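Below: the structure, in structure tokens.
Computed from a prediction, not measured in an experiment: that's the story for all the values here. Chain identifiers are assigned alphabetically (A, B, ...) following the order of the sequence lines, protein sequences preceding nucleic acid strands; residue numbering begins at 1 within each chain.
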2 protein chains.
Amino acid sequence: MPARAHRSDAVANRERIVAAARAALADSNGAAGELSLHLVAKAAGVGQGTLYRHFPSREHLLAEVYRQEMGELAGAVPPLLAEYPPLDALTRWLDRLIEYARVKRGVMAAIEASAWQDLYAGHHGRLDEALTTLLDRGKAAGELRADVDATDVILLLGALSRVPEAEWDARARTLVAVIVDGLRRR
Amino acid sequence: MPARAHRSDAVANRERIVAAARAALADSNGAAGELSLHLVAKAAGVGQGTLYRHFPSREHLLAEVYRQEMGELAGAVPPLLAEYPPLDALTRWLDRLIEYARVKRGVMAAIEASAWQDLYAGHHGRLDEALTTLLDRGKAAGELRADVDATDVILLLGALSRVPEAEWDARARTLVAVIVDGLRRR
DNA sequence: ACCTGAACACCGTTCAAGT
DNA sequence: ACCTGAACACCGTTCAAGT
């Protein structure tokens with residue numbers, strides 16, 4: 001279905017709101033609870049009512065912010081699968097995730113948020129889809145256990161979002177190693 | 001060091017505040033963000049200032065609530081270790097955790113909170129201590145990998161706290177199975 | 001159609017006044 | 001020492017009035 005036509009000022013406002021929210025989250029180290037919608041509206045140069053017209057709840061706004069973070073990650077999967085065997089592709093993709101999240105804290109917040117299935121399940125099917133492909137290939141090759149799905153992996157990866165920044169380098173790799181080993185077929 | 005003497009009304013107030021907070025959390029399905037301190041004070045029959053005297057921040061109050069949830073879980077470890085080999089003891093303890101959390105949602109919130117090391121690290125050494133014992137025994141027996149600590153396990157178990165209630169039975173066991181397999185020595 | 005911003009209800013936090 | 005509750009600043013949300 002084709003996107004409906006929108007007034008150009010509405011489109012511009014929407015973009016400025018999301019940009020302001022991303023900037024605010026980047027400043028506050030990505031803690032979603034500290035996002036003041038009043039301040040986002042002010043920073044975007046719109047009234048509060050406008051913010052609410054576009055995003056009827058804080059979660060709707062965060063969902064859009066996170067959807068933008070997620071694109072690059074999901075897009076990295078197909079080339080990896082083309083070049084490496086499934087388990088290698090998964091390991092390399094997770095290495096990339098660690099490296100990406102090390103500098104950009106919001107990425108982990110996005111992954112954690114994608115676990116609240118209620119609102120987000122539909123929104124970024126992209127990550128879910130990419131992970132499902134990875135897992136299916138691994139299962140078909142007999143390298144991964146058959147009883148896990150993309151949601152399980154996303155839930156487990158959520159552990160990374162609670163690693164304090166100071167311990168990131170020491171702990172992130174260990175956690176991912178445990179998860180990957182746990183996903184292996186025995 | 002012996003506990004300082006407190007006025008009996010202060011002790012009683014503190015207990016009633018914690019009890020009111022636990023009751024409020026039990027009602028709201030354990031979502032810590034929805035705990036209104038105004039309402040907790042009112043339910044406990046104290047002024048807001050009294051709540052703040054005892055718990056200088058929402059987190060301090062939650063820490064006490066969670067500390068109480070944690071006791072039983074940690075206490076179950078020594079008997080299990082006395083009766084079973086390390087890996088069996090770990091598996092059985094996690095089974096108990098799943099069963100316990102199935103009916104009492106606050107338990108998972110408590111475990112998740114214990115990952116914010118800043119405030120909680122000292123407070124419930126009990127869970128940390130119990131898990132460290134379990135892991136050390138397993139490492140000594142050559143059954144568990146040597147590069148994980150109790151914090152890693154707590155972080156991974158945090159995945160359970162984001163499993164929607166409707167999916168609990170189907171997903172909790174799988175997640176724990178993946179975690180246990182990941183902790184095994186290869 | 002869409003936008004604005006005052007207004008409302010609520011929350012965390014403080015503090016002068018009490019006992 | 002400890003407690004109370006009014007008060008303050010702030011936040012999410014709504015809505016009448018504008019363009």
Side-chain angles (χ1 to χ4, degrees), chain A residues 2-25 27-66 109 113 116 118-120, chain B residues 1-25 27-66 109 113 116 118-119:
Chain A
R4 299 282 267 97
H6 289 289
R7 264 170 43 175
S8 63
D9 56 344
V11 173
N13 276 336
R14 190 188 153 93
E15 281 168 7
R16 283 160 65 198
I17 290 168
V18 175
R22 293 187 77 172
L25 284 173
D27 286 353
S28 79
N29 270 326
E34 293 173 13
L35 186 71
S36 160
L37 301 189
H38 262 93
L39 296 182
V40 168
K42 180 165 229 177
V46 302
Q48 298 104 284
T50 303
L51 195 156
Y52 268 78
R53 166 177 286 269
H54 289 288
F55 303 102
S57 81
R58 145 188 260 101
E59 270 69 34
H60 287 263
L61 175 54
L62 288 171
E64 176 57 23
V65 169
Y66 291 155
W116 321 338
D118 2 339
L119 179 61
Y120 296 84
Chain B
M1 40 189 160
R4 298 280 267 97
H6 289 289
R7 262 170 47 173
S8 63
D9 57 342
V11 172
N13 276 336
R14 190 187 153 92
E15 280 167 7
R16 283 161 64 198
I17 290 167
V18 174
R22 295 187 76 171
L25 284 171
D27 286 353
S28 79
N29 269 329
E34 294 173 13
L35 185 70
S36 159
L37 302 190
H38 263 91
L39 295 183
V40 168
K42 179 165 231 175
V46 302
Q48 300 103 286
T50 303
L51 195 157
Y52 268 77
R53 165 177 287 268
H54 288 288
F55 302 102
S57 82
R58 147 189 258 100
E59 269 70 33
H60 286 264
L61 175 55
L62 288 171
E64 175 59 23
V65 169
Y66 291 156
W116 322 336
D118 1 340
L119 179 61

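Rounding to the nearest 0.5 Å places CZ of Arg14(B) at 9.0 Å from CG of Leu61(B). Taking CZ from Arg58(B) and CG from Leu37(B), the interatomic distance works out to 5.0 Å, rounded to the nearest 0.5 Å.
A pairwise comparison of heavy atoms in Ala24(A) and Leu35(A) identifies CB-CD1, 3.6 Å as the closest pair. Ile17(A) and Phe55(A) make their closest contact through CG2-CE1, 3.8 Å (heavy atoms, listed as atom of the first residue, atom of the second, distance).
When the salt bridge (charged side-chain N to carboxylate O under 4.0 Å, His left out) test is applied to Arg16(B), no partner is found at least two apart in sequence or on another chain. Considering only residues two or more places apart in sequence or on other chains, Glu34(B) meets the side-chain contact (heavy atoms from CB on, under 4.5 Å) condition with Ser28(B), Ala31(B).
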- Task: Would you sort out whether Glu64(B) and His54(B) count as a side chain to side chain contact (heavy atoms under 4.5 Å, CB included), showing the intermediate values?
- Result: CA-CA 11 Å; Glu64(B) 175 59 23; His54(B) 288 288; over 6 Å; no
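Boundaries of the chain B contact region on DNA chain C are dC11(C) to dC15(C), first to last in 5' to 3' order (nucleotide atom under 4.0 Å from a heavy atom).
DNA chain D lies under 4.0 Å from at least one heavy atom of each of the following residues of residues 41-53 of chain B: Gly45(B), Val46(B), Gly47(B), Gln48(B), Gly49(B), Thr50(B), Arg53(B).
Nearest-nucleotide mapping onto DNA chain D: of Leu35(A) and His54(B), the residue sitting toward the 5' end is His54(B). With DNA chain D read from its 5' end, the first of the two nearest nucleotides for Arg7(A) and Val11(B) is the one closest to Val11(B).
Stretches of at least 3 consecutive Watson-Crick or G-U wobble pairs, with each checked distance under 3.5 Å, appear in DNA chain C as C:4-8 with D:12-16, C:12-16 with D:4-8.
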Show me the donor-acceptor pairs, under 3.5 Å and distance only, between side chains in residues 38-52 of chain B and residues at least two apart or in other chains.
residue: His38(B); atom: NE2; partner: Gln48(B); partner atom: NE2; Å: 3.3

